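Heads up: the structure comes next, in structure tokens.
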Amino acid sequence: ADVMREEIPPISWLVKPYLARPGVTAWFGKPKSMKSLLVLDMCLHVANGLSWLPVPPKGAGVEVNKARVVWLDLENGSREIKRRMRAIATALNVGREPRQVLTYSMPNPWPDLSKENDVSDLIARLQEIDDVGLLVVDHLGQVLGAVDENSPLVTQVMGNLRKIAETCNL
């Protein structure tokens, strides 16, 4: 009965129906199955407010709401992520608006999202940037710290990702 009377806000979509704000989404697949490229393409669409995966010649595609993106690259390195980003941005004819996509490659020290201090530091950093709508951590295995990816302790890291998303509304 309480739920029936409660005012529940509508879902705020970044990419409808794939990414809600706030929310946590994990993209997974076999190694080298182009997960990072697919997500990077989606991020550039979000950063520029373009519908994603449009159907040629002039299909609507997936509804997107424009937002600033932070890409935390813990896998490819600065040169590779920038090369990929430039290629996709060139194909989309976007990328002229500064600070819409911010990349941090191989930060030192790497964030360990099993540690509360690292979670708090990341939250503070995101809040300093102003109006971040989407954070990408590429890839999840790199922020687990000493936690085995097959361990039940991974739920702690996922809970911390949820905390980051809720606190920063991303």
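Quick note: numbers below take in every heavy atom, side chains included, and nothing from hydrogens, waters or symmetry partners. For clarity, every value in this text was computed on a predicted model and none was experimentally measured.
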- Message: Taking the basic N atoms (NZ, or NE/NH1/NH2) and the acidic carboxylate oxygens, is any pair closer than 4.0 Å for E166 and K163?
- Response: no
- D118 side chain to D112 main-chain N or O, any donor-acceptor pair under 3.5 Å? yes
- Query: Quick one: do V136 and V15 end up in the same hydrophobic cluster if we chain Ile, Leu, Val, Met, Phe, Trp and Tyr together by side-chain heavy atoms under 4.5 Å apart?
  - Reply: yes
- Output yes when a side-chain donor or acceptor of K35 lies under 3.5 Å from a complementary backbone atom of D138, and no otherwise. no
- Sidechain-backbone polar pair: D73 side chain, G77 backbone, donor-acceptor under 3.5 Å: yes
- Query: Taking the side chain as C-beta and beyond, is there a heavy-atom pair between I81 and L40 under 4.5 Å?
  - Reply: yes
- Item | Residues W13, L19; criterion side chain to side chain contact (heavy atoms under 4.5 Å, CB included); working and verdict | CA-CA 6 Å; W13 293 105; L19 296 180; 5.7 Å; no
- Item | same_hphob_cluster(W27, L72) at 4.5 Å side-chain heavy-atom cutoff | no
- So which heavy atom on L134 is nearest to which on L170, and how close? N-CB, 4.1 Å
- Is it true that I164 and V154 fall in one hydrophobic cluster, defined by side-chain heavy atoms closer than 4.5 Å? yes
- Which of R99, R68, R21 passes salt bridge (charged side-chain N to carboxylate O under 4.0 Å, His left out) with D131? Answer is R21
- Item | Which atom of R125 lies closest to which atom of Y104, heavy atoms considered | NH2-CE2, 3.3 Å
- Item | Approximate separation, where rounding is to 0.5 Å, of N169 CG and L126 CG | 12.0 Å
- Query: Honestly curious: do I88 and L102 fall in one hydrophobic cluster under the side-chain, below-4.5 Å linking rule?
  - Reply: no
- Message: Could you measure the distance from the OH atom of Y18 to the CD atom of E63? Nearest 0.5 Å is fine.
- Response: 12.5 Å
- Check whether any side-chain N or O of S33 sits under 3.5 Å from a backbone N or O of K30 as a donor-acceptor pair, and report yes or no. yes
- Message: Any side-chain to backbone donor/acceptor pair from E75 onto H139? Under 3.5 Å, distance only.
- Response: no
- Indicate the atoms forming the closest heavy-atom contact of A67 with G133, along with that distance. CB-CA, 3.8 Å
- Query: Taking all non-hydrogen atoms of both residues, which atom of V64 and which atom of S51 are closest, and how far apart?
  - Reply: CG2-CA, 4.1 Å
- Ion pair E97/K66, N-O distance below 4.0 Å: yes
- Task: Any chance you could measure L14, atom CG, to T25, atom OG1, to the nearest 0.5 Å?
- Result: 9.5 Å
- Can you find a heavy atom in the side chain of V39 that is under 4.5 Å from one in the side chain of L37? no
- Main-chain N/O of R84 paired to R86 side chain as donor or acceptor, under 3.5 Å: no
- OG of S36 to CG of D41: how many Å apart, nearest 0.5 Å? 12.5 Å
- Query: How about K115: does its NZ atom have over 12 heavy atoms from other parts shown lying under 6.0 Å from it?
  - Reply: no
- Are L38 and V70 connected in the hydrophobic side-chain network, where two residues link if heavy atoms are under 4.5 Å apart? no
- Message: Can you tell me how far apart CH2 (W71) and CG (L74) are? Round to the nearest 0.5 Å.
- Response: 11.0 Å
- Is a donor on one side and an acceptor on the other found under 3.5 Å between the side chain of N160 and the backbone of V119? no
- Task: Indicate yes or no for a side-chain donor-acceptor contact from N48 to the backbone of L50 under 3.5 Å, with no hydrogens or angles considered.
- Result: no
- Query: Closest heavy-atom contact between V101 and M85?
  - Reply: CG1-CE, 3.6 Å
- Message: Does M34, at its CE atom, have more than 12 non-hydrogen atoms belonging to other residues, nucleotides or ligands within less than 6.0 Å?
- Response: no
- Can you see which heavy atom on A165 is nearest to which on P22, and at what distance? O-CB, 3.4 Å
- Message: Quick one: does any side-chain atom of S78 pair with a main-chain N or O of S105 as donor and acceptor, under 3.5 Å?
- Response: no
- Message: With rounding to the nearest 0.5 angstrom, report the CD1 to SG distance, I123 to C168.
- Response: 5.5 Å
